[in-house]
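Read the numbers this way: they start at 1 and go in the same order the structure lists the ligands and their atoms. Quick caveat, the model's predicted, so the values are computed rather than measured.
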Amino acid sequence: MQEKTITKKTPFEQEVYEGLTAFPKYLSSKYFYDAIGDSLFQDIMAMPEYYLTDCEFAILQKHKSAITKAFSEHNAPFSLFELGAGDGKKTKILLKHFTENQIEFDYRPIDISQNALDQLQRSIQHELPKVVVNTIQGTYFDTLKDIAEEHSKKKVILFLGSNIGNLLHPQAIDFLRQLKAVIHEDDLIFMGFDQKKNPQTVLNAYNDDSGITEAFNKNVLTRINKELDGNFDLDNYLHWEVYDPESGTAKSYLVAKQAQEVYIKKLELNITLDAWETIHTEISQKYDDKVVGWLAKEAGLKIHAQFSDDRAYYKNYIFKKE
Ligand code: AVI
């Protein structure tokens with residue numbers, strides 16, 4: 001008897017299959033990020049409409065002394081873990097301030113990309129040679145155990161960029177619970193949350209005229225075409241952004257401009273889209289103190305301190321175990 005080969009699907013294959021056979025259709029924004037997506041995201045962060053990066057930068061600059069005081073309370077040496085460290089541009093504001101003030105700490109940047117970590121380590125060695133850097137490569141999930149295993153020093157976990165906003169509230173609570181599980185009494189979590197504001201300002205941040213966010217959103221289709229041998233025609237889709245000021249949720253869609261059939265060879269999957277059918281691709285949640293307090297409480301954490309920019313567009317919160 002001839003044996004049938006069953007090839008196991010990768011998470012990407014599985015999630016694309018599930019999302020495109022569901023109604024309404026969806027794809028996860030975590031698949032925006034490959035080398036092209038990373039570079040598009042760098043371009044987004046440099047756009048004038050995308051205020052988030054500048055706001056967080058301004059907060060770290062303005063409040064670096066107070067943040068340093070909170071991190072180094074009782075002069076206890078600490079390990080600074082950073083989830084999704086990337087190029088560390090914002091974090092270097094703190095690292096510089098710590099070294100100038102003889103704070104005892106070591107820096108443990110975590111990233112999925114070894115290449116990003118190597119570059120970060122080299123740039124810190126060059127710019128801030130006194131900083132002790134020990135990189136950790138992996139997803140947030142794999143690396144939580146590395147954080148959990150640190151018992152000798154106080155821990156501070158950084159999660160910048162309002163990355164938490166790409167999670168629905170139940171997922172955000174789950175993530176915060178996982179962080180809570182790897183910290184002790186005096187340890188801290190320092191996290192960025194984009195705030196509710198004039199709805200037009202939010203909408204503009206995700207709807208630039210230059211088409212960068214559109215290309216970023218469509219990159220998930222590009223990846224399906226390249227990696228799963230699909231035949232999406234990118235020109236047949238609109239990038240569409242909506243923002244609900246009541247819930248604080250910005251949502252990105254790809255909208256089919258005409259009825260179409262798509263074949264994804266690697267999944268042996270034929271899908272049809274009606275004219276104006278949607279594929280939901282991303283949420284970017286905006287917050288206020290009440291919602292952040294609620295998320296923290298649900299996860300067994302409490303807000304210990306908070307820092308804001310001058311326009312209150314963005315906030316960084318420090319959480320501790322409740
Ligand atoms: C990474 N994340 C916090 C960004 C955001 O604001 O949701 C991703 C992004 N999507 C479109 N523009 C930026």
Side-chain angles (χ1 to χ4, degrees), residues 26-60 82-91 110-113 116 139-140 158-169 171-172 175-176 190-223 234 237-245 247-255 278-287 291-292 295 309 313-317:
Y26 63 89
L27 291 167
S28 167
S29 62
K30 64 176 180 258
Y31 297 116
F32 290 170
Y33 303 88
D34 61 354
I36 295 173
D38 288 348
S39 146
L40 285 166
F41 186 53
Q42 292 291 332
D43 295 343
I44 286 175
M45 289 193 289
M47 297 186 325
E49 298 89 341
Y50 195 75
Y51 56 84
L52 288 82
T53 313
D54 290 346
C55 287
E56 195 164 48
F57 210 84
I59 292 171
L60 298 176
E82 180 170 16
L83 303 175
D87 65 4
K89 203 171 150 217
K90 287 181 275 194
T91 315
I110 296 167
D111 208 284
I112 186 121
S113 158
T139 63
Y140 304 150
L158 288 192
F159 192 51
L160 303 181
S162 200
N163 283 317
I164 192 155
N166 297 127
L167 302 177
L168 294 164
H169 289 325
Q171 299 169 336
F175 176 64
L176 289 171
F190 183 85
M191 203 175 272
F193 288 78
D194 194 19
Q195 300 288 299
K196 288 182 181 170
K197 59 183 66 61
N198 185 327
Q200 194 62 55
T201 308
V202 174
L203 210 47
N204 293 347
Y206 295 91
N207 217 10
D208 58 293
D209 292 331
S210 58
I212 299 172
T213 309
E214 176 181 346
F216 184 59
N217 192 6
K218 287 185 178 177
N219 196 44
V220 64
L221 301 187
T222 310
R223 286 193 64 185
L234 269 53
Y237 295 85
L238 281 180
H239 162 68
W240 197 256
E241 191 71 25
V242 293
Y243 176 62
D244 174 0
S247 63
T249 312
K251 283 176 138 188
S252 302
Y253 294 93
L254 292 164
V255 185
T278 53
I279 305 174
H280 170 46
T281 50
E282 187 179 46
I283 77 151
S284 298
Q285 183 64 38
K286 308 303 160 200
Y287 302 88
V291 174
V292 174
L295 293 172
D309 61 303
Y313 271 16
Y314 192 98
K315 282 189 185 176
N316 287 91
Y317 294 82

* To do: From the options E214, H239, E241, select the one residue that forms a side-chain hydrogen bond (donor to acceptor under 3.5 Å, both in side chains) with S252.
  => E241
* Under 4.0 Å from a heavy atom of G161: give me the atoms of ligand 1 that qualify, with their elements. => 3 (C)
* Are D194 and Y51 linked by a side-chain donor-acceptor pair shorter than 3.5 Å? -> yes
* **ligand 1 contact on F32 by region, counting heavy-atom pairs under 4.0 Å** => neither
* Asked: Side-chain donor-acceptor pair under 3.5 Å between Q42 and D38, yes or no?
  -> no
* Asked: Can a cation-pi geometry be assigned to K218 and Y237, taking NZ or CZ under 6.0 Å from the six-membered ring centre and within 45° of the ring axis?
  -> no
* Numbered atoms and elements of ligand 1 in range of I44, under 4.0 angstrom, heavy atoms -> 12 (N), 13 (C)
* Asked: Should you measure from each heavy atom of Y50, which atoms of ligand 1 turn up under 4.0 Å away?
  -> 4 (C), 5 (C), 6 (O), 12 (N), 13 (C)
* **Shortest protein contact, atom 7 (O) of ligand 1 (heavy atom only)** => S284 OG, 2.6 Å
* Structure fact -> d(M47 CE, I212 CD1) to nearest 0.5 Å is 5.5 Å
* Shortest protein heavy-atom distance from atom 2 (N) of ligand 1, along with the residue and atom involved -> N166 OD1, 2.9 Å
* Structure fact -> Here the atoms of ligand 1 under 4.0 Å from any heavy atom belonging to Y33 are 1 (C), 8 (C)
* Might you work through the ring-ring contact (aromatic ring centres under 6.0 Å, His included) test for F32 and F41, ending with a clear yes or no? => CA-CA 9 Å; F32 290 170; F41 186 53; 9.7 Å; no
* To do: Find all atoms of ligand 1 within a distance of less than 4.0 Å from any non-hydrogen atom belonging to N163, and give their numbers and elements.
  => 1 (C), 2 (N), 3 (C)
* Structure fact -> Note: ligand 1 atoms sitting under 4.0 Å from heavy atoms of Y206 are 5 (C), 6 (O), 7 (O), 10 (N), 11 (C), 12 (N), 13 (C)
* **Ligand-residue contact atoms, ligand 1 with S162, heavy atoms, under 4.0 Å** => 3 (C)
* Asked: Which bit of D194 is near ligand 1, meaning a heavy atom under 4.0 Å away: side chain, backbone, both or neither?
  -> neither
* Interatomic spacing from NZ in K286 to CD1 in I283 - rounded to 0.5 Å -> 9.5 Å
* For E282, atoms of ligand 1 separated by under 4.0 Å from a heavy atom -> 7 (O), 8 (C), 9 (C), 10 (N), 11 (C)
* Spacing of OH belonging to Y243 relative to CG belonging to N204, to within rounding of 0.5 Å -> 12.5 Å
